Each structure stands twice: as structure tokens, then as C-alpha cells.
Amino acid sequence: MESTIAAISTAYGEGGIGIIRISGEKAKEILCGIFTGKDNLEDRKMIYGHIKDPENGEIIDEVMAVYMKAPKTYTKEDIVEINCHGSTVSLRKTLDLVLRMGAVPAERGEFTKRAFLNGRLDLSQAEAVIDLIRAKTDKSFDVAMDQLSGHLSSKIKELRKSLTDVLVDITVNIDYPDEDIEEIMYSDMYNSLSQINDEIVKLISSAGTGRIINEGLKVAIIGRPNVGKSSLMNALLKEDRAIVTSIPGTTRDTIEEKISVRDIPVILTDTAGIRKTDDQIEKIGIEKSKASFNNADLIIFMVDASRTLDDEDMEIASYIGERKAILLINKTDLAREADTEFLIKMMPQCKVIETSMTEERGIDELEDEIENLVYGGQIRQEESLIVSNARHLQLLRDASAALGDAMKMTEMEEALDFIEVDVKRAYDLLGEITGDSVADDIINEVFKRFCLGK
Ligand code: GDP
Ligand code: ZN
């Protein structure tokens, strides 16, 4: 890797400062050719000066520049960063000059790719870098940070180490079948494999939480008109100080809001109901309601405790069927008219919460329930590992399937060579997560997701 790469590393557009980053053997030489402060350069020290075109003496910008000597840098190569004024003109002109001096434009993610290829980060850590940049909620930032710190990597290494132990046992027994070297008990092997698989399954199940943390929990509020859906929406909004968007729907009552509940991003839809209608406008709303209802991770079914239940309530209840739902019995501040016991019996899987929007009762309990759902009822632990990357998830699933096959064969006491193939496969699949055993095209694919300059 002889080439020296350069790119604008800050966001495009107007800003206080903008940074040109250069990485590679010629980084320092390039800077010295265009920087008036070059005589003061010291490792890791910001130096003031001007960027000057050596051909015509034109001053391009007044900057602060820093030279960082390899290998203790982001890429493990020599790095130079030039802090320009944040105008696109100055950045573009400075970059042009840097390229003229012998650097080549960096590809997307190439700085991080070099960090990976030079062994500073493994692949899952490199992927965490892009997740960090893209993180839109505190929680998804935390998850990416955790992954960058190598938490997932060390877990994967641990699992691969355990698989290596199994593989060694198998090899010993294949190579010296007649000798009395500790015959593997198939049941011991089965137990080892199943323990490893349990851990993989645990990681797989954390991915549900990972997806919600990144994309948001989709919650549909459903209930007949006037039960208090909009009031609930407002109550939840009021608790949240970080409203991201507010998209009014086309019909009177379909509204989507992105809020955060206990730090969990939630996409909340107030549905227009699902009753049959001949009204064209209303029909569109109902189709939308059904769509958000069908896509929801969680349904909040609201009924009005102060009115007798009607056909529409029953229709909604049967529409919910066995879906994950919370039954909110609202308006409990008024005299009770609804036969809610009947409804509760109809939907035994539902958690029931009694609320009053006017008296602001039950909202905390609802938030508890949402939190419980996302964290799978487990206590939310800071150190719990969450898989949030689709590539990792797929590899974990494949590895688990391979181990499942190996376990089946172990149970049937099949030939060790066959079992070895599947165990080895699981081992390699896990290695693809950290990049220990991964093809170049996958590496390229991963770094294509990056932005320029990172
Ligand atoms: P939606 O049609 O389901 O969205 O219902 P709204 O949220 O618009 O509420 C309809 C009416 O019920 C409004 O006048 C609210 O103030 C009232 N309301 C909502 N929740 C409660 C509650 O818990 N108790 C009482 N007494 N009134 C409520
Ligand atoms: Zn409403």
C-alpha cells in the first residue's frame, strides 16, 4: 500500500472549520510542500500557517495543521490533518493542491479500511465506526461505541477459541484413532457444542433489540373514535424532550410521531381505525391504519371505560388476535360502564393497563411495559452485548445452523470427519464477523457503506 490518500473529512457545506485528512508515507512531505508553517512541524502538534500554492505563490487559506507520526494513528500510517476555514472553496482548493502534490483521492471508508488492513481495528470494529457516524439516538450511539471498543470482537474470539478446542479434540481422534489418546465422548462434545450454540443464540436474540435501537420500535395505537388516542399521543410526546419529526397524515386522525421512550426510539402511529366504510377519504385512512397495524412491533389497543363496549371494540379485538398488544383501559376517572373483564378474557396475551389521560395516570406503567418489551424483560445492563449489524446477524444465524448440524451428527455418533466439517464451518463464519476469515469482496462491500473522508 504505497499510495498516500487524501479527502475532505468533514461534512460538505458551510462550517466553522473543515478538515483535509492525508494518510500515507508521503503525508508529511506533501504538507511541507504547501504549508508555510512547515519548519515548526512536530509530531502531534497543531501548527499555524498558510496553505500556499508552490507554483504561483497564491495563498489559499490560513490554517492549523498537524502531523501525526505512524504507527500510533487512526490508520497506523503517517497522518496529516489540515484545519481549513470551513468554506467549500478553501477545502476544494486545498484538496486539489494536496492531490497535485502526489496524493490520490481516498475512496469511501478508505482511512478506516487501512486501519483494518493494518490491524488497528477488526472488521466489526470498523463497521462500528460507520454506525457511530450514522447513529441518530443516544442508545444506538452507545451500542456502536460498545462494538468499537471490541466487546463483540472479544466475545466472538472467545467462541472461536471454544470451537478450536473442539476441533483439536476431533483432529486428535481422527489422526490417532487406534491409540488410547483420550477418546472423545460424543456426549462431552455435544455439550461443548451446545454451550457454544447457546451463546450464539443469545447474541442472535439481542439483534431484535439492536434493530429497535437503530430503527425504532413501531407502535400502533388503535381504538374507536374518542377513546383517547390523541390524548395518549400527546401525553407521550409531553414526556419526551427530543421529538424528531411530526408527520401529519392525510386523513383526520392518522399521525406518525417519532419520540423516545426511556431512551428507546419509538415510531408512534395514531390510527384512524379499521371499521368498514363507504367514504372514500376514510377508506384511504383505514388502509393506512391497517398497514401500520400490520407492521407494528407493538399494538396499543385503547378502550373507553366509561362507555359500554361496542361492535367496533370487538372487531378490533379479534383483528389483534394473538399479536403483541397492550390493552389500555382509559377514562378510568369516569364511572365504569365497559365490561372490560370480558375483553381481557378475549385477549389473554395482552398486558392490561388502566389509564386516565386527563389525570395522567398509567403512563409510567405503559412506558415500563415498552421498556420491558424492548429489553426482553431482562434488566437493562450497560455491559450486555447487543448485535445491531445485519451482516453480523446473518453470520451468527449461519454459524448456529452449522453447529445445529454438527450437534445432530454428534448425537447420532456419526464419523468425526463429517462433524469436523460443520464445526469448522461455524468457526469460519464467526471469523467473518471480525474479519479473521473473510474474502476481499466482503471487505470492499463493508467499506462501500462509509462516507468519504472516513
Ligand atoms: P381519539 O379520538 O381516540 O383520538 O380521542 P381523543 O384523545 O381526541 O379524546 C376524545 C375526548 O376524550 C377528548 O375530549 C379528551 O379530552 C377526552 N379524554 C381522553 N382521555 C380521557 C380520560 O382519561 N378521561 C376523561 N375523562 N376524558 C378523556
Ligand atoms: Zn384522535
Side-chain angles (χ1 to χ4, degrees), residues 217-240 243 245-259 261 266-296 298-320 323-344 346-347 350-370:
L217 179 80
K218 295 189 215 90
V219 178
I221 307 173
I222 192 162
R224 63 197 238 237
N226 244 28
V227 293
K229 297 184 297 296
S230 302
S231 308
L232 170 65
M233 198 99 167
N234 288 334
L236 289 171
L237 283 171
K238 202 167 65 184
E239 306 254 301
D240 176 29
I243 300 164
T245 51
S246 176
I247 312 153
T250 47
T251 54
R252 56 187 174 91
D253 237 0
T254 311
I255 285 184
E256 194 180 275
E257 297 276 8
K258 265 194 187 167
I259 63 169
V261 170
V266 171
I267 303 160
L268 204 59
T269 317
D270 178 353
T271 69
I274 54 160
R275 70 205 159 276
K276 292 193 181 64
T277 177
D278 291 328
D279 182 306
Q280 274 312 99
I281 299 287
E282 217 177 1
K283 256 188 186 158
I284 297 169
I286 287 164
E287 283 314 306
K288 276 191 117 177
S289 296
K290 283 190 171 166
S292 54
F293 182 93
N294 291 333
N295 287 330
L298 169 70
I299 294 154
I300 296 177
F301 175 23
M302 284 185 96
V303 295
D304 182 342
S306 71
R307 284 185 293 174
T308 45
L309 298 172
D310 70 3
D311 288 351
E312 197 178 345
D313 290 313
M314 294 305 149
E315 199 184 323
I316 294 169
S318 64
Y319 196 64
I320 288 172
R323 294 279 303 274
K324 182 89 203 164
I326 296 173
L327 176 62
L328 280 198
I329 300 173
N330 192 36
K331 304 200 189 182
T332 50
D333 53 297
L334 303 176
R336 192 75 153 225
E337 284 296 331
D339 179 8
T340 48
E341 285 310 309
F342 177 75
L343 203 60
I344 292 166
M346 258 182 91
M347 299 189 297
C350 277
K351 163 88 189 173
V352 182
I353 301 174
E354 304 225 343
T355 60
S356 164
M357 293 306 138
T358 43
E359 294 183 356
E360 296 182 4
R361 268 197 289 118
I363 295 169
D364 249 5
E365 207 182 326
L366 174 63
E367 293 191 338
D368 284 346
E369 201 48 35
I370 291 173

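Please read all numbers here as calculations on a predicted model, not as lab measurements. We're numbering straight along the sequence, starting at 1. For ligands, and for the atoms within them, numbers begin at 1 and follow the listed sequence.
Set against the non-hydrogen atoms of Leu334, the atoms of ligand 1 under 4.0 Å away are 26 (N). Residue Lys229 has at least one heavy-atom neighbour below 4.0 Å for each of these atoms of ligand 1: 1 (P), 2 (O), 3 (O), 4 (O), 5 (O), 7 (O). Here is the list of ligand 1 atoms found below 4.0 Å of a heavy atom in Asp333: 22 (C), 23 (O), 24 (N), 25 (C), 26 (N). Within ligand 1, the atoms closer than 4.0 Å to a non-hydrogen atom of Ser356 are 23 (O), numbered from 1 in the order shown.
Although no hydrogens or angles enter the test, the distance criterion places no donor-acceptor pair under 3.5 Å between the side chain of Lys229 and the main chain of Met302.
Between Thr355 and Leu366 the shortest side-chain heavy-atom distance does not fall below 4.5 Å.
Below 3.5 Å of separation, one finds no N or O of Asp270 facing any N or O of ligand 1. Between Ser230 and ligand 1, an N or O atom pair is found at a separation short of 3.5 Å. The shortest N/O to N/O separation between Met357 and ligand 1 falls below 3.5 Å.
Applying the side chain to side chain contact (heavy atoms under 4.5 Å, CB included) test between Leu268 and each of Ile259, Leu217, Leu237 identifies Ile259 as the sole match.
Distance check, rounded to the nearest 0.5 Å: CG of Asn295 to CD1 of Ile267 gives 10.5 Å.
Around the CG atom of Asp311, the shell of radius 6.0 Å holds no more than 12 heavy atoms that belong to other residues, nucleotides or ligands.
Distances from atom 28 (C) of ligand 1 to the heavy atoms of Lys331, Met233, Arg361 put Lys331 nearest.
Nearest heavy-atom pair, Asp270 versus Met233, reported as atom, atom and distance to 0.1 Å: CB-SD, 3.7 Å.
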